[in-house]
Amino acid sequence: MADRRKDYALSGRTAERRIRPPLLPYAPRDPKGYRPPIALIGCGGITESHLTAYKSAGYNVVALCDLDEDRARKRQAHFYPGAAVYTDYRRVLERKDVEVVDVATYPMERVPIIEAALRARKHVLSQKPFVLDLSTGDRLVKLAAKQGVKLAVNQNGRWAPHFAWIRHAVARGLIGDLMSVHAGVHWDHTWTVGTPFENFRDLVLYDFGIHWFDMVSHLIGRRKITRVYASKSRAVGQRARPPMLAQAIVQFAGGQASLIFDAHVQFGPQDRTYIGGTKGAITSMGPNLGRQLVTLYTAQGTAAPVLKGRWFPDGFHGTMGELLCAIAEKREPLNGARENLRSLALCFAAIAAATDGKPRVPGTVRRLPPGSAPGV
């Protein structure tokens with residue numbers, strides 16, 4: 001047997017031969033011929049990305065609603081001049097023509113709107129994070145099933161080009177059985193100072209980190225997660241109220257995952273992802289979440305797909321497009337609320353572990369720990 005000790009930690013088993021990247025359907029999909037009337041409830045800052053994506057995709061937005069009428073009017077003027085404007089979401093739900101409702105309010109305001117929409121037999125796309133406790137989420141999932149409508153969550157990161165390509169590659173078995181998922185996000189989040197986001201004590205792990213918990217949960221699938229460790233701390237010199245440094249380690253059957261968030265890095269931003277399997281690995285790296293270089297490593301060689309698009313706004317196109325496809329094809333959406341509850345269970349477990357230093361098992365922490373977000 002060849003002695004490989006001389007290669008240890010000096011030269012990895014990386015195939016040097018370049019191969020053609022596999023063609024994977026990572027781009028957002030639209031249903032053929034189905035363009036239902038859509039209503040947007042909540043017209044805050046993030047909805048500029050919603051509406052940019054919807055307008056580009058040719059979606060039929062007929063109503064805009066916000067407690068601040070001027071805010072809704074600005075969205076109307078810029079994106080959909082023909083859409084009606086409301087300040088009371090109940091009036092929107094009274095419209096017989098509206099089939100799909102995009103609920104983009106804050107989490108603490110969202111549940112009664114989602115429930116009312118489901119009872120009005122509207123399909124719903126909920127902003128992320130979906131709910132503040134798993135029991136409420138279970139109830140809404142059951143209500144949607146009873147009403148015969150679809151309930152999806154705007155986990156738009158799944159349709160960021162690099163994440164979308166990775167999840168398709170893993171699902172196709174290009175790297176064999178999944179062993180590891182590791183992400184390091186080093187970015188400047190100081191823009192939250194002086195905004196309502198400062199009221200989220202666990203801003204990094206909850207409101208932002210849910211994208212990565214969702215990706216980890218989705219890739220792991222039904223494999224048992226045995227334990228979650230996490231921590232959080234303040235960065236030297238930070239002014240923001242929430243801790244800007246956080247990390248989580250996830251143990252699952254036959255593998256592990258880790259998430260590192262440096263949210264106070266103002267120079268040299270970087271986002272890195274490593275996915276390891278029994279037959280290969282995938283890396284993705286770039287200066288930010290919009291520009292990423294993806295590389296696939298296998299025994300056959302190395303492939304570097306050239307991906308088109310950016311997380312913003314393509315991710316928002318992906319979430320709504322998947323919901324519309326699921327409605328047209330009479331199936332559960334990939335971003336369905338039922339599966340998203342597993343992502344939330346992982347996130348809640350990590351936040352609880354970071355709060356008291358004790359490891360947790362997802363599902364044992366039923367609601368967001370007190371003080372993590374406004375209204376909790």
Side-chain angles (χ1 to χ4, degrees), residues 4 7-9 12-14 155 157-158 160 162-187 202 204-206 208-233 243 245-263 270-286 289 292 294-299 339-365 369:
R4 289 178 18 219
D7 293 333
Y8 178 71
R13 299 178 64 193
T14 301
Q155 289 292 169
R158 292 196 190 189
H162 63 297
F163 276 158
W165 198 93
I166 287 171
R167 61 180 173 80
H168 279 287
V170 172
R172 189 169 290 190
L174 298 184
I175 62 168
D177 294 325
L178 184 72
M179 289 191 299
S180 56
V181 181
H182 302 292
V185 188
H186 316 285
W187 41 281
D202 287 293
V204 172
L205 288 175
Y206 175 61
F208 186 80
I210 187 60
H211 289 295
W212 281 265
F213 286 115
D214 180 70
M215 184 54 61
V216 168
S217 177
H218 178 72
L219 292 176
I220 292 173
R222 292 291 181 177
R223 291 163 70 175
K224 182 178 177 59
I225 296 177
T226 56
R227 196 168 298 179
V228 181
Y229 301 85
S231 67
K232 59 184 177 181
S233 61
L245 307 178
Q247 57 188 330
I249 298 176
V250 180
Q251 295 179 343
F252 61 92
Q256 64 178 354
S258 65
L259 303 175
I260 304 292
F261 299 105
D262 293 325
Q270 186 182 89
D271 173 72
R272 297 175 61 105
T273 303
Y274 178 90
I275 311 292
T278 56
K279 296 181 179 179
I282 305 170
T283 62
S284 183
M285 184 172 69
L289 301 174
Q292 290 282 305
V294 176
T295 307
L296 169 68
Y297 301 91
T298 68
E339 188 212 13
N340 189 250
L341 289 176
R342 295 207 309 269
S343 303
L344 280 178
L346 178 58
C347 179
F348 290 177
I351 292 173
T355 300
D356 62 16
K358 299 177 181 178
R360 294 293 201 282
V361 176
T364 60
V365 181

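Note that the numbering runs from 1 along the sequence shown for the chain. Only this structure's heavy atoms are used, side chains among them; waters, hydrogens and symmetry mates stay out.
Checked against side-chain contact (heavy atoms from CB on, under 4.5 Å), Ala248 has the following partners two or more places apart in sequence or in another chain: Phe213, Ala230, Ala350. For Phe252, the ring pair (Phe, Tyr, Trp, His ring centres under 6.0 Å) test picks out no residue, with sequence neighbours left out. Applying the ring pair (Phe, Tyr, Trp, His ring centres under 6.0 Å) test to Tyr229 and every residue at least two apart in sequence or in another chain returns nothing. Residues passing the side-chain contact (heavy atoms from CB on, under 4.5 Å) test with Ala345, sequence neighbours excluded: Leu134, Pro362. For Ser343, the side-chain hydrogen bond (donor to acceptor under 3.5 Å, both in side chains) partners are Asp214, not counting sequence neighbours. Every ring pair (Phe, Tyr, Trp, His ring centres under 6.0 Å) that His211 has, sequence neighbours left out, goes to Trp311.
With rounding to the nearest 0.5 angstrom, the CG atom of Asp202 is 4.5 Å from the CD1 atom of Ile351. Here NE2 of His162 is found 6.0 Å from CG of Leu289. Values are rounded to the nearest 0.5 Å.
Listed by first and then second residue, the side chain to side chain donor-acceptor pair (under 3.5 Å) pairs involving residues 247-259 are His182-Ser258, Ser231-Gln247 (not counting sequence neighbours). Pairs engaging residues 271-282 under the side chain to side chain donor-acceptor pair (under 3.5 Å) rule: Asp271-Gln292 [sequence neighbours left out]. Applying the salt bridge (charged side-chain N to carboxylate O under 4.0 Å, His left out) rule to pairs touching residues 349-358 yields Asp356-Arg360, sequence neighbours excluded. Annotation: salt bridge (charged side-chain N to carboxylate O under 4.0 Å, His left out) contacts involving residues 218-230, sequence neighbours excluded, are absent.
For the pair Val228/Ile249, no side-chain contact is recorded, criterion being any heavy-atom separation below 4.5 Å from C-beta on.
Nearest heavy atom pair, residue Ala349 against residue Val365, reads CA-CG2, 4.1 Å.
Between the side chain of Trp187 and the backbone N or O of Val185 there is at least one donor-acceptor pair closer than 3.5 Å.
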Identify each donor-acceptor pair in which a side-chain atom of residues 167-176 lies under 3.5 Å from a protein atom, sequence neighbours left out, and give them as a table.
{"unit_1": "Arg167", "atom_1": "NE", "unit_2": "Arg158", "atom_2": "O", "d": "2.8"}
{"unit_1": "Arg167", "atom_1": "NH2", "unit_2": "Arg158", "atom_2": "O", "d": "3.2"}
{"unit_1": "His168", "atom_1": "NE2", "unit_2": "Pro25", "atom_2": "O", "d": "3.1"}
{"unit_1": "Arg172", "atom_1": "NH1", "unit_2": "Leu23", "atom_2": "O", "d": "3.4"}

(message) Evaluate Arg342 against Ile225 for side-chain contact (heavy atoms from CB on, under 4.5 Å), listing each step before the verdict.
(response) CA-CA 10 Å; Arg342 295 207 309 269; Ile225 296 177; over 6 Å; no

